[in-house]
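Below is one structure, written out as structure tokens; the observations come after it.
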Amino acid sequence: MSNTARERIFAKLRPAVAAGQFDIPSPELPPRPEWTPSEKVQKLKTLMEAVRSEVHVVKADAWTDALKALARQRGFKTLLHGPGTQVGDAVKQAWSEGSGGLPALRTYEGAIENYKDTLFHDTDVGITSTLGGIAESGALILWPDAEEPRLMSLIPPIHIAVLDADKIYATFSEAMERMSWSEKMPTNALLISGPSKTADIEMTLAFGVHGPKELIVFILEP
Amino acid sequence: MGDQTFSFEKNVETALGDTQLRANFEYAMSTLYQKRKAVFADEAETERLREVGNAVRQRALSKLPELLEKLEKKCIENGIQVHWAETTDEANRIILKIMDDHRATRMVKGKSMVSEEMHLNKFLEEHGKEVMETDLGEYIIQLAGETPSHIIVPAVHKNKDQIAKLFHEKIPGAPYTEKVEELNALARKTLREKFQHADIGLSGVNMAVAETGTLCLVENEGNGRMCTTVPPVHVAVMGLEKVVEKLSDVPPVLRLLTGSATGQIITTYFNMITTPRKPGEKDGPEEVHLVILDNGRSAILKDPELRQTLQCIRCGTCLNHCPVYTRIGGHAYGFVYPGPIGKILTPQMEGLEKTGGIISASSLCNACEEVCPVKIPIPELIRRLRNESYDSKGSVPGHGYKWNLPEVLVWKAWALVNRYPRLNELAMKVGGLFGDRFPKIGPLKQWTRVRTTPRLARHSLHELVKTEGVDHE
Amino acid sequence: MDKRYPDKPDTVYFFGTCLVDAVYPEAGMAAIRLLQREGVRVVFPQNQSCCGQPAYNSGFPDEARAVARQQLDTFTRDYPIVVPSGSCAGMMKRHYPMLFARDRDLSRIRAFSNRIFELTEFLVHVLKVKLEDRGDPIQVTWHSSCHAAREMGVTEDSKNLVRQLKNVTLTELEKERECCGFGGTFAVKQPAISAAMVTDKIADIRGTGAGRVLSGDCGCLMNITGAMERGKVGIQGQHIAQFLWERTNG
């Protein structure tokens, strides 16, 4: 059925394009900003905070302490993490060193079909790693995978993301180029700049409409 | 919508008479106007970016069949099933079949203007399916039984009091509240339930990348991610012009799209989907389908001038800057795409004769052209379509429908008067004798609805320069 | 916007525009006087008529071309062509090359378009006028036509001329870049929308508290003053040329 539609469509497209008269300019992109590492951290932080993300810049060797303090202070009950990733393993390790007053650790058990109820109704917080950040846009890059599935950063009302400061790129284009995205696009690649939001009612900005109500970012500095 | 009973003029009178509607639009549009202005404050950089956006889109259109073939090939390699639909009816049937194949009855839907173009909800509901809009604005208008009045903010014509009443009446157990946070929470609660139990998710596509076979979605709410991740099947629908050549084309278009649409540097989420769930992965749909719709687009491509219409990335900023749209709102246009882009797109898709006065509803103020992120010369295309309306030898569907002897003669006479100085002189002399004492009929009747009659001068400038001793060769 | 201005010439052409010719000839005379006062010879060819925009915008390009060609054949010498309207200037400068894109004569038409200048930009950039105000204190506001703003980019030039007048207070509109609803045949083909637009424009004008609204375009003026008269709003509308001439020649 759709084959014939396909043929009919291409039969129209081919002569339309062949008739030509295209005059395509090739302008250059605006120059890429040159920021120092600390400027990139600052830029990212400022932009993300402007869309109500909570950003903590911490020493890499102390971030789990900061996480534990925050979890205790906010009274999180359950924390979904991904063992097998650096972040997940660090959380697991930190919790094993003393978990008094801390949320119960959860892992993504099996496939979503069997895990939906727990994920939708009984998970406070999801913590994930990130592939990098984009200073110019104020966004995190996530490539979810088997260890850290896609919904970890979407269903729990709070998403915590961990970012290495040295993986902040100036622009989205730079990130794509440096990591050769075009050769290895994953199942799903995401940019995330803040908690879920909408302004569909009278242009009034409101957070947490479908996805997380809070986004907490730990930027790890060496 | 868009049937024989469509009268643009009647819709306009109704819209202009609705003071609440006008206030809602004026407020929302001036907010969006200011937000865009703030994010594109650096004019030189914005201009450069627009040039890049224009080039990306033009380049894609110039290789459209090649890129679509490549997109298809890449998608298939990646495990995405590709379907082609020449008409909206074909597209609807493809989606119905996918649902039936999976015994799916409950669909959750992200925002998709192409699905509006297809009237997909109505079609699926007639076939016994439950279709749930999940973008908050779309959800609101679905509850109200309406259509979007704006490409980006579909419920922009409603204020919070109206939405409060709607939610209270239509959502079981919902208390009456005018607090936006509480209204959002009501929608969240209702829709999370729907996400969890849906059999199938549907989304639009903001850009499809031929190089990698990647579908890109831009959103703030997270409902798009829900629809494309939670249900076991994801169907994406796109107009065939939405393809870009390379991954490196994505960042500039994304920047232009979010900045133009909502004045954001970036949206909350940018969602790039390349494959269905892979073995070992725990979530994401097992099946992803891409439905590529023509619905008249391929015909638009053949005209070197009009094909610029297809550069559009559906940011809606031309609506926000249009003095006509901001006063009459989206519903008055009678079809899916309102505002300046609707003025040029709708007649080409539906036929000039069906879209009536839409094409005359522009003062050609150029505000749309000035802000269009991909530099579509909308006023130029409006002029072209006005010409097509009278041109029996034109190429756009419905061309020549407006041809009528009196109007054609008026313009022929006008041309004569302005080509022959003696005729012109005579016309000025006669006019000057009348002054403003012309019978108020025809155009003058319309003019004097809110204005006095212009008074023709006793002596034209042609005469004055002679008496005043100006060199007048 | 690509803008290049010549040195001060000995002679200029004046293209009066059809609206000035028929409805506002005194504005045209004032513009000519302003140019002459700077020591420039002004030539007004009698065979001129209309730029062709009404037909061009209404979907009758053949008729527009025929009328445009009359101007091309009339303004043949190499003088700058000064136009007291941003909209007509925009038509001749920006649109003639498109209207005649497939014409054998395109290079001549381009050359013609390059000679087109809107009056206020010509006064500012080419003649570098210095105005001495002789009038009583007055508050005015400025309405820019859409084409003066977006096709010719001369809004600041016009306002800067007004700002040279020491007894004149210029209060800008809140929505200066919004259309007044004229749009040529738009005003009669979509009278309801046009009326809503001009009503809002007048509210904006009233909001400034100015007693007079100035503009460089007679289409907008005819629309705005016509509606102000009809609505008995006690604000005058005037073409900038006439205003400048009256204030400085007292």
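Every chain is numbered from 1 and lettered A, B, ... according to where its sequence line falls, protein lines coming before strand lines.
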Do you know which of [options] has the most heavy-atom pairs with chain B at a distance under 4.5 angstrom?
options                             : result
C:Gly28, C:Pro54, C:Gly184, C:Gly52 : C:Pro54
C:Cys146, C:Gly183, C:Ala22         : C:Ala22
C:His147, C:Gln70, C:Gln71          : C:Gln70
C:Val67, C:Thr74, C:Thr199          : C:Val67

With a 4.5 angstrom heavy-atom cut-off, is it the side chain or the backbone of [X] that approaches chain B, or both, or neither?
X        : value
C:Ser58  : both
C:Ile32  : side chain
C:Glu229 : both
C:Ser194 : both
C:Glu151 : side chain
C:Met98  : side chain
C:Tyr24  : neither
C:Arg77  : side chain

Can a donor-acceptor pair be found, under 3.5 Å and without considering hydrogens, that links the side chain of [X] to the backbone of [Y]?
X        : Y        : value
C:Asn47  : B:Pro421 : no
B:Gln446 : C:Ala192 : no
B:Asp471 : C:Val43  : no
B:Arg386 : C:Asn57  : yes

In plain terms, say whether [X] and [Y] are close enough for a salt bridge, that is, a side-chain N and a carboxylate O under 4.0 Å apart.
X        : Y        : value
C:Asp73  : B:Arg419 : no
C:Lys189 : B:Glu407 : yes
C:Glu63  : B:Lys412 : yes

Side-chain heavy-atom pair [X], [Y] within 4.5 angstrom cut-off:
X        : Y        : result
C:Val198 : B:Arg451 : yes
C:Lys175 : B:Tyr33  : no
B:Ser360 : C:Phe186 : no
B:Val470 : C:Phe14  : no
C:Arg33  : B:Glu468 : yes
B:Lys466 : C:Gln46  : yes
C:Arg177 : B:His321 : no
B:Arg22  : C:Asp200 : yes

Tell me, side chain or backbone of [X] under 4.5 Å from chain C's heavy atoms, or both, or neither?
X        : answer
B:Glu9   : side chain
B:Val450 : both
B:Ser362 : backbone
B:Glu369 : neither
B:Phe8   : side chain
B:Glu26  : side chain
B:Val417 : neither
B:Asn366 : both
B:His459 : backbone

Heavy-atom closest contact ([X] atom, [Y] atom, distance):
X        : Y        : value
B:Pro323 : C:Glu178 : CB-CG, 4.2 Å
C:Met222 : B:Trp447 : O-CZ2, 3.6 Å
B:Leu464 : C:Pro25  : CD1-CB, 3.6 Å
C:Ala196 : B:Arg327 : O-NE, 3.8 Å
C:Ser49  : B:Asn418 : OG-O, 2.6 Å
C:Ala55  : B:Trp414 : CB-CZ3, 3.4 Å

When you look at [atom1] of [X], are more than 12 heavy atoms from neighbouring residues, nucleotides or ligands closer to it than 6.0 Å?
X        : atom1 : value
C:Lys8   : NZ    : yes
B:Glu473 : CD    : yes
C:Arg206 : CZ    : no
B:Tyr420 : OH    : no
B:Lys393 : NZ    : no
C:Arg37  : CZ    : yes
C:Gln236 : CD    : no
B:Asn404 : CG    : yes

[atom1] of [X] to [atom2] of [Y]: how many Å apart, nearest 0.5 Å?
X        : Y        : atom1 : atom2 : value
C:Asp62  : B:Asp391 : CG    : CG    : 8.0 Å
B:Leu461 : C:Gln48  : CG    : CD    : 7.0 Å
B:Leu364 : C:Arg150 : CG    : CZ    : 11.5 Å
C:Ile193 : B:Leu16  : CD1   : CG    : 6.5 Å

Options B:Glu463, B:Glu425, B:Lys402, B:Glu380, ranked by heavy-atom pairs under 4.5 Å with chain C, top entry: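 Most heavy-atom pairs under 4.5 Å with chain C: B:Glu380.
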Parallel, tilted or perpendicular for B:His462 and C:Phe44, by the 30°/60° rule?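 Ring orientation, 0 to 90° scale: perpendicular.
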